[in-house]
Amino acid sequence: MTQNDFDDAAEVLEAESTASDVPASDSSAPELPEQTKLGRKRDHTRDPEILEAALDVLAEEGYDGMTIDMVAARAKAGKATLYRRWASKGELVVDAVACMKQGDLDHARLPDTGTLRGDLVAMIKPRSMEDAERKLQIMGGLMSVLSRNPELSDAINAAIIEPRAEVNRILLRRARDRGEISPDVDIDALALVSPSMASYRTLVLKKPVDREFLVSLIDGVILPAAGIRSPVGS
């Protein structure tokens, strides 16, 4: 038996002991606060590790193949620890996907090269590409459940699609403000082109989203749609 198992058993015994202090026949007894019922305050310090483990399992196994046991084993936590925090696998997954937004790009530190192409190309970095690919793998793991769980659809859009689309909107607005692209360009629609095509390439075509693909997308789709002619041989 591991230390986590001992901790789980101790908290269950404490909860049972506390609950027995209230007479069952006393209907006027006040409802005890959650922390009192459990015997001690819940410890959420391990939540980030558990949520990260949930994302890893989700990317590898998909939603249908994922279990609470797998996440507990990956996080080296007792299963009861997870169930005290999340009543179901669905709740755990929604929280795990939502936590991905915390690692979004710092908008104040976006590249500002003076041209739209320069800014877009400067965004192509190994670490950001790896992060984007992992997010798409997680999205792929959720495809089977998205149609029957709108809450997950909203979480995925907020954590995976919208952050990159918002970066694109910022870069496109800069280009518009300096007169590089026409004020008539539909910035909101154009901002969704790269995350949408990257998702299609990963989830449907099963191909990697590499630098070559992203540069070809910039030069062959985004710049022409914005009314910019890409430099020859770039």
Side-chain angles (χ1 to χ4, degrees), residues 1-27 29-104 127 130-163 202-203:
M1 181 175 284
T2 66
Q3 184 61 46
N4 286 321
D5 294 327
F6 280 117
D7 292 341
D8 293 337
E11 291 202 15
V12 170
L13 288 173
E14 287 175 7
E16 292 175 348
S17 175
T18 304
S20 66
D21 292 338
V22 179
S25 60
D26 186 2
S27 59
E31 181 70 9
L32 293 174
E34 186 69 19
Q35 290 179 7
T36 305
K37 288 180 181 178
L38 291 176
R40 63 182 179 185
K41 185 177 180 180
R42 289 180 179 179
D43 180 7
H44 294 295
T45 58
R46 294 214 60 205
D47 283 6
E49 298 172 55
I50 294 171
L51 293 172
E52 192 68 18
L55 292 174
D56 288 340
V57 174
L58 183 60
E60 295 168 8
E61 304 294 337
Y63 183 84
D64 292 334
M66 172 186 179
T67 67
I68 293 290
D69 283 356
M70 290 178 183
V71 178
R74 181 69 62 93
K76 295 182 174 58
K79 186 168 65 172
T81 299
L82 273 69
Y83 275 118
R84 280 194 301 273
R85 179 69 174 82
W86 297 278
S88 67
K89 179 173 71 172
E91 290 184 12
L92 172 60
V93 168
V94 168
D95 275 4
V97 172
C99 84
M100 289 193 294
K101 261 184 95 354
Q102 298 174 5
D104 288 349
R127 183 173 179 179
E130 290 173 5
D131 179 60
E133 184 172 356
R134 179 172 182 260
K135 286 184 175 182
L136 289 174
Q137 289 172 346
I138 291 167
M139 183 175 175
L142 287 168
M143 292 301 291
S144 65
V145 75
L146 288 182
S147 62
R148 58 182 188 269
N149 194 324
E151 188 176 2
L152 270 175
S153 297
D154 292 342
I156 284 222
N157 182 65
I160 298 177
I161 303 299
E162 180 55 27
T202 299
L203 302 177

Show me the side-chain donor-acceptor pairs of residues 64-71 shorter than 3.5 Å, one per line, residues at least two apart or across chains.
residue : atom : partner : partner atom : Å
D64     : OD2  : S144    : OG           : 3.0
T67     : OG1  : M70     : N            : 3.1
D69     : OD1  : K79     : NZ           : 3.3

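Without hydrogens or angle criteria, K135 side chain to I161 main chain gives no donor-acceptor distance under 3.5 Å.
Annotation: the span from C99 atom SG to D47 atom CG amounts to 10.0 Å, rounded to 0.5 Å. Distance check, rounded to the nearest 0.5 Å: CD1 of I50 to CD of E52 gives 12.0 Å.
The two residues A159 and P163 have their closest heavy-atom pair at O-CG, 3.5 Å. The minimum heavy-atom distance linking D56 with R134 is given by the pair OD1-NH2, 2.8 Å.
The side chain to side chain contact (heavy atoms under 4.5 Å, CB included) check on A59 picks up Q137, I138, with sequence neighbours excluded. By the salt bridge (charged side-chain N to carboxylate O under 4.0 Å, His left out) test, E49 pairs with R46, sequence neighbours left out. Partners of E60 under the salt bridge (charged side-chain N to carboxylate O under 4.0 Å, His left out) rule, at least two apart in sequence or in another chain, are R74. The salt bridge (charged side-chain N to carboxylate O under 4.0 Å, His left out) check on E91 picks up nothing, with sequence neighbours excluded. Looking at residues two or more places apart in sequence or on another chain, you find no side chain to side chain donor-acceptor pair (under 3.5 Å) involving N157.
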Subject >> Worked verdict on L92 versus L51 for side chain to side chain contact (heavy atoms under 4.5 Å, CB included) >> reply: CA-CA 7 Å; L92 172 60; L51 293 172; 3.9 Å; yes

**OP:** Show the numbers, then the answer: is there a side chain to side chain contact (heavy atoms under 4.5 Å, CB included) between L142 and M139?
**Re:** CA-CA 5 Å; L142 287 168; M139 183 175 175; 5.9 Å; no

